[in-house]
Structures are given as structure tokens and as C-alpha cells.
Amino acid sequence: MAQILEQVRAEYEQLKDELNQHNHRYYVLDEPTIPDSEYDRSMRRLQDIEQQHPELLSDDSPSQRVGGAALPSFSQVSHAVPMLSLDNAFSEEELEAFDRRISDRLNYKDDQQIDYVCEPKLDGVAVSLLYNQGLLVRGATRGDGKVGEDITANVRTINSIPLRLNGDGIPELLEVRGEIYLPRGGFDKINAAAIAKGDKPFVNPRNAAAGSLRQLDSKITASRPLEMCAYSVGQFQGGETPDSHLNMLKALGSWGFKINTYVEAVQGIAACEAYYERMQKRRDQLPYDIDGIVYKVNDLGLQQRLGFVAKAPRWAIARKFPAQEEMTQLVDVEFQVGRTGALTPVARLAPVFVGGVTVSNATLHNGDEIARLGLCIGDTVIIRRAGDVIPKVAAVVLDRRPENAQPIVFPENCPVCQSSVRRVEGEAVARCSGGLFCGAQSKEAIKHFASRKAMDIDGLGDKLVELLVDRGLIYSPADLYELSATKIADLERMGEKSAQNLIDSIAVSRQTTLAKFLFALGIREVGEATGQTLARNFGSLEAIIEAEQDALLEVDDIGPVVAYYIRDFFRNPDNLSIINALRESGVSWDDIDITAQDSQPLKGQTWVLTGGMEIMSRAEAKDRLQELGAKVAGSVSAKTSQVVAGPGAGSKLTKAQSLDIPVFDEEQFLAFLEGHK
Ligand code: IVH
């Protein structure tokens, strides 16, 4: 009995060790070595053992990251070594003055340079982590620098924070300091979830990180993808202290902490400046927010000699980047009509310098966004421009709302063509119902109409379409067929010959196919493939115009949303009159005999494509199969007729084989298509 227990204990210790190591590789080094499924299996085994032998359970078990019940409140923690803040340098001159101050204090000669470590200033929340004999025993916020709050349960949920340190030379007592932050991707995810639930989104990743750490229920913290980078040490007892800051960071890295990858040791203040310029260029591409650069004297002996003033060390300074958030006033809201008729509210702002550029407009996306922000014209707003280039209205400063603030009214009619504005249920976007009749949409509609995969009008590029519309020569695609060489010969850069060439290619485009014509109309969600499907299933334009919702839904690949758009398009009298005008000016095609079976040899069959394809793209393969009448499905079942499996095919191929479903490789598939042209 005792022997079996020893075996279980050994297995448990080994699993714990392995899982902690995988965790470190995945969250700290970004280099996972096993698939998630394998990790999950080991974790389940560990949890099984813990359930059967609760006496084995220990605090550093990876199953113990999310702890028990929510706390009634946070308790207070005194920092044995105060958590200081940093002085700021706002210009190159101030940075040079910092360097001179240090050189003077250390009695350096003019040609002697100081060794600095440059680090990104991460924009998150400072944290102190205490390790006793290598085991995480306490996590605390900075608070006022002397007294903070105990957030141990919350920090334990952060996967890049080691629960137990690993490696050589671990001191008996170690207090690690660093920044807990939320990468931008995680911020977007949390905010999208908040919006979906009808909650207010966070203004920026720092607020989201702080809010996530302030939770009394650590399960909430666990659901937020927070990260932690170590940048210094507080208490350090019972071990050998490294001689430099850089070596300290290296030691922390070797014990399991994440260290920012851009940390760099340089000589002299000029190199610090160069680092600043380099990082400023990189800033927008980083996956997390940084608000400046921190410079630290590298030699820990010199740090000690330099000491502290008031609340900040003499041996370090922060140089801030231009702010990514600023306040300004919302002067007005205008509504732009886009390509698909979508009305986008655009904030007109009192110009403000933010994130390195002057911003005077910001998109407000849609009506829901305005409601969520609770925005009024005249409000003071916070503009955020970070990482992405598009500035956003992040929040309203309610305290500053003026008495004459005006509510924002969504227009009922299109500001361009006066057609009514409609909002589809369940969609946030409001659209102009004017279709091809709407001036704002017509340029885009004509460009699309003339494009290669649509009516393929050679020589009619985007610029020319804009010119023709701006000159009042055309309003809708139908007007193209009324153009003559004499009418367009006066346009800039248009000689007699090119004018005639254009008229000729417009004439040639009259003969088309039903599928291309349907695609050319620019019906929402009706791409090339859906154009083909519609043509094949209905045979004529009349049949499609008259098709009821049910008939459309019977067609493979047409769901309720597409069916709605198709019906909506053909119920609009303006669209119908443009279609009539096109037909009257000679646009024509051959209707398709939908009773003929031979064009659909795969009718009734369901095919599945899996794995990679090397010669033909997957999209093309799908189109070709649909043209032949097959349905293309995403998963294999007993109803599957044929599977095409490329390199890397996995479970779908295995399932097909177990169900005895015939399988083609890509070569066989291409040969098959060749025989069905
Ligand atoms: S060193 C005594 N290094 O900036 C030195 N701080 O006022 C203490 N911060 O809230 C800080 N990145 O959390 C240091 N690489 C970095 C940092 C950093 C961000 C934050 C820190 C504190 C503020 C300093």
C-alpha cells in the first residue's frame, strides 16, 4: 500500500514539474513544445490524482491558479522596501541633464560614459511578488509605495507568473517587481465581450488591467489574459546578488520570469537617445502599450552610491512618448454614406495632438457605439490613438458636459439621396435604401459593375468612373451604355482613340452571362459564387426577381441573411428601373435550362475538402464542385459522398476512412475535374 502511494506521489511530482515547465515555455518564452491537447491530458491526470489524494495537493500545483471563494475585501500589505516611482524627462535636454547629474555625483571624467540599461516603460500596473524558498507567497499592489493591497489570489491566476521558481542560485527570500499588463489583443477581446453583454467597455488596456486585478473574485481575474514582465527586485536575502541590473534581469529570467525582449544595455546617453528613437518607431507595432522608455544605471554598486531623493531613485529616469490619449471637444457629428450604403457617424473634433498626429475626425462606427459612449455634441471626449492608426473616441468626460450639449440624432433619410434609412434587426448598421440610385453609392456601384469579374469593361478604371460621375456624365451603371465617343473625348487625358476604345469595350460588355450580371449588380453578400449558384438554380433573372424567401432558402449556401438582401434589392423600384434600362440598352445573356441534368453531374452529392491544396486554391475547388452541382460541407458524416484530402489532413480523413467514404488526393481530384469540364 505504502509503495503504491509512493508511486502516485512520484507521478504527481513529475506531472507537476512537467506542467509547470510547459506553462513557462508557453506563457513566458512563447515557445510551446507540446500540443494543447497533450497539456490538457496531463492536467486532467494531475487533477484526478489530487482528487483521490488530497493530501498531496500543494500550492505550486498548476491546478491551483484559480483559488477558492471570493474575498470580502483586500487586506493591507506593508512594503519592507518602499516601491518608488520614477522621475520624468520630457526632452532630450532633460535627459542629458540627468546624465550630467549622475556623472558629477560619481566624479566621472568628461570622456567617461555611464553604462545604462534601456527598457520599454510598460503601461500597466506595478506589482510586488514575494517568494519564500522559491514559492510564491504573496502578491501586492504598489498602493502609496509604503502600503499596498494583498492580491495574491489574483496574481496566481496570471500564467506568466511562476508559482515556484526554478533554476540555480534562487535566494531564500526574493521580492520581484514588475508590471502586469494586458496586451492589446486581449484588451480588444475583453471589450468585445463587454459590448456583447451590454456592459461599458474599458477606455484603455491599463484601466482594463487595473480593473481585472481589483477583483475580489479571482475567477474574474483568471478570465482576463493578463501578462507580467519583471523589471526589478525589492527584498533579496540568502543568496548572491548579481553585480548589475542586466544580470539581475537575466537571473530573474532564468528563474522563470518573463523579461521584456527589448531590454538593452548601452554605453552613454547618446545611445539612450538612439534607443528612444528606435522604440518610438516600433511602438505602434508592439502587441502591448508602452508609454515611454526607462533608463537605469546598470551597475548595482553605482545605483547604491547614487541612492534616492524623496520618492524616486537618482539612478533611473523615464522619458515619456507623446500621449496616446488626449481630451478634446466633440464639435459635431456627420454621417457618411459608404459603398454599401452604410451610414457611418463621424465625430468632428477640435483638433488635438495625440499618438504623434493631429486628429480632427474619428469614426463612431454606428448608433450603438454612440449610445454606449452616451455621447452628446459639445461633450469633452477622450481620444485614444494607439497601435492602430484609426483614432477612437474612448470615453466621455461627463463632469465637463456643457449645459447646451445636444443629443445626436440619427437621420431618417440618407444625407445624399434622401432615400429612407433602414436598420436590419440584429445588425448595428443603418443603411441607405437608395441602392444604385444613391449618389454616394453609385460611384462604387459603377466601379464594381465595370470590374473584371463582373461586366469586365476594359479601360474603365476607378479614376475614370469618378471623373465621369463628377462631370455628371453618368449616374448609374445603365448610363454607361448611353455614352458616346464625342461625349467623353473632352475629358482630361482622354484622346479620341482611347475614347473610341472605351466605347467599344462598353459595347462588347453588353453580351454577358446571368451569373456575371447578378454579381455586377452589387447585391449585398452576393459574390461571384452566389451569382453562379443563383443563375444555375433559377435559370433566368425573372425567376430570381420573383423568387420568394422560401425558394431562395432552398438553394444550398443561401441563408436567411443573403435571401433577405436579394429580396430587398429586387423589391426596390429604383433598382428595377436601372435593370430595365440596362436590358433596353442591349445588355443580354442566355438563360440557363435548369431542367437539363447534364450540367449538374454531382447534383445530390456532398463533398468535403480537407487538408492543404497545393495547385488549386480551396476556394476555387469549392466553386468548381458547386458548379457541378455538389454541396460542399465542412464535416464528414455517413452522408458524405467524396472527400478530397490534401497534405496535413487529420481527423476528417480518419473519419472518412473509418466510414469507407472514397478519398481523392489533389492530383486525383484535378484529373476528375478535367473529365467534367
Ligand atoms: S522601474 C525605482 N521599469 O512605471 C524604479 N518601472 O513610476 C521603479 N514601469 O508604475 C520602477 N515599466 O510600474 C520600471 N521597465 C520599467 C517599467 C516601470 C513600467 C512603471 C512602474 C511604475 C512607473 C514608475
Side-chain angles (χ1 to χ4, degrees), residues 79-90 94-95 98 102 116-129 139-149 151 155 158 160-161 175-183 204-210 212-214 226-236 244-246 248-250 252-253 257-266 272 275-276 278-280 282-283 286-300 302-321 323-324 386:
H79 297 296
V81 179
M83 286 182 82
L84 302 172
S85 61
L86 290 170
D87 275 342
N88 287 312
F90 292 100
E94 289 186 19
L95 189 63
F98 159 78
I102 293 179
Y116 290 106
V117 173
C118 311
E119 301 175 6
K121 188 166 186 294
L122 300 164
D123 203 4
V125 181
V127 68
S128 144
L129 302 170
T141 60
R142 175 171 180 271
D144 62 4
K146 291 198 189 88
V147 178
E149 283 178 326
I151 51 164
V155 301
I158 300 171
S160 45
I161 295 180
E175 183 199 355
V176 176
R177 291 176 179 176
E179 198 83 351
I180 292 177
Y181 60 97
L182 188 62
N204 56 38
R206 177 172 25 88
N207 289 0
S212 303
L213 280 179
R214 224 180 291 119
L226 297 166
E227 292 187 6
M228 187 268 189
C229 262
Y231 56 61
S232 75
V233 160
Q235 301 176 74
F236 191 110
S244 69
H245 176 64
L246 192 68
M248 179 70 92
L249 292 183
K250 282 186 182 156
L252 293 177
F257 291 94
K258 201 179 174 94
I259 307 296
N260 187 277
T261 46
Y262 293 103
V263 170
E264 216 174 279
V266 303
C272 291
Y275 178 89
Y276 178 87
R278 264 201 316 281
M279 286 309 289
Q280 193 170 13
R282 263 198 197 123
R283 183 188 191 190
L286 296 177
Y288 43 81
D289 276 6
I290 62 175
D291 58 348
I293 301 297
V294 184
Y295 302 106
K296 299 172 183 171
V297 171
N298 191 17
D299 188 311
L300 292 184
L302 295 184
Q303 283 193 6
Q304 205 144 33
R305 270 174 62 193
L306 289 162
F308 306 87
V309 253
K311 283 190 171 161
R314 285 203 188 86
W315 44 263
I317 199 156
R319 170 103 201 262
K320 291 282 195 78
F321 287 136
Q324 289 181 317

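Numbering of ligands and ligand atoms starts at 1, following listing order.
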Trace of the side-chain contact (heavy atoms from CB on, under 4.5 Å) decision for Leu122 with Tyr288: CA-CA 8 Å; Leu122 300 164; Tyr288 43 81; 3.8 Å; yes

Atoms of ligand 1 close to Ser85 [distance to a heavy atom under 4.0 angstrom, numbered from 1]: 7 (O)

Those atoms of ligand 1 less than 4.0 Å from some heavy atom in Pro313: 2 (C)

Verdict with reasoning, Ser160 to Glu227, per side-chain hydrogen bond (donor to acceptor under 3.5 Å, both in side chains): CA-CA 6 Å; Ser160 45; Glu227 292 187 6; 5.6 Å; no

For Tyr295, the option from Val117, Leu86, Leu95 that meets side chain to side chain contact (heavy atoms under 4.5 Å, CB included): Leu95

Ligand 1 atoms in contact with Glu119 (distance to a heavy atom under 4.0 Å): 3 (N), 15 (N), 16 (C)

Option with minimal heavy-atom separation from atom 4 (O) of ligand 1, where the choices are Glu179, Arg142, Arg177, Lys121: Lys121

Results of side chain to side chain contact (heavy atoms under 4.5 Å, CB included) for Glu94 - residues two or more places apart only: Ala89, Phe90, Ser91

Taking atom 21 (C) of ligand 1 as the reference point, the nearest protein heavy atom with its distance: Tyr231 OH, 3.0 Å

Heavy-atom pair with the smallest gap, counting every atom of Leu226 and Ser212: CD1-CB, 4.0 Å

Compile the donor-acceptor pairs under 3.5 Å between side chains in residues 302-310 and protein atoms, sequence neighbours left out, one pair per line.
unit_1	atom_1	unit_2	atom_2	d
Gln303	NE2	Val297	O	2.8

Ligand 1 contacted by Lys296 (non-hydrogen, < 4.0 Å): yes

Of Gln324, Met279, Arg282, the residue whose pairing with Ile290 passes side chain to side chain contact (heavy atoms under 4.5 Å, CB included): Met279

Taking atom 10 (O) of ligand 1 as the reference point, the nearest protein heavy atom with its distance: Ala126 CB, 4.0 Å

Protein residue, atom and distance nearest to atom 12 (N) of ligand 1, heavy-atom basis: Leu122 N, 3.1 Å

Whether Arg142 side chain and Ala126 backbone form a donor-acceptor pair below 3.5 Å: no

Atom 7 (O) of ligand 1 - nearest protein heavy atom and its distance: Leu86 N, 3.1 Å

Which residue and heavy atom of the protein sit nearest atom 8 (C) of ligand 1, plus the separation: Leu84 O, 4.0 Å

Contact atoms of ligand 1, heavy-atom distance to Pro120 under 4.0 Å: 12 (N), 15 (N)

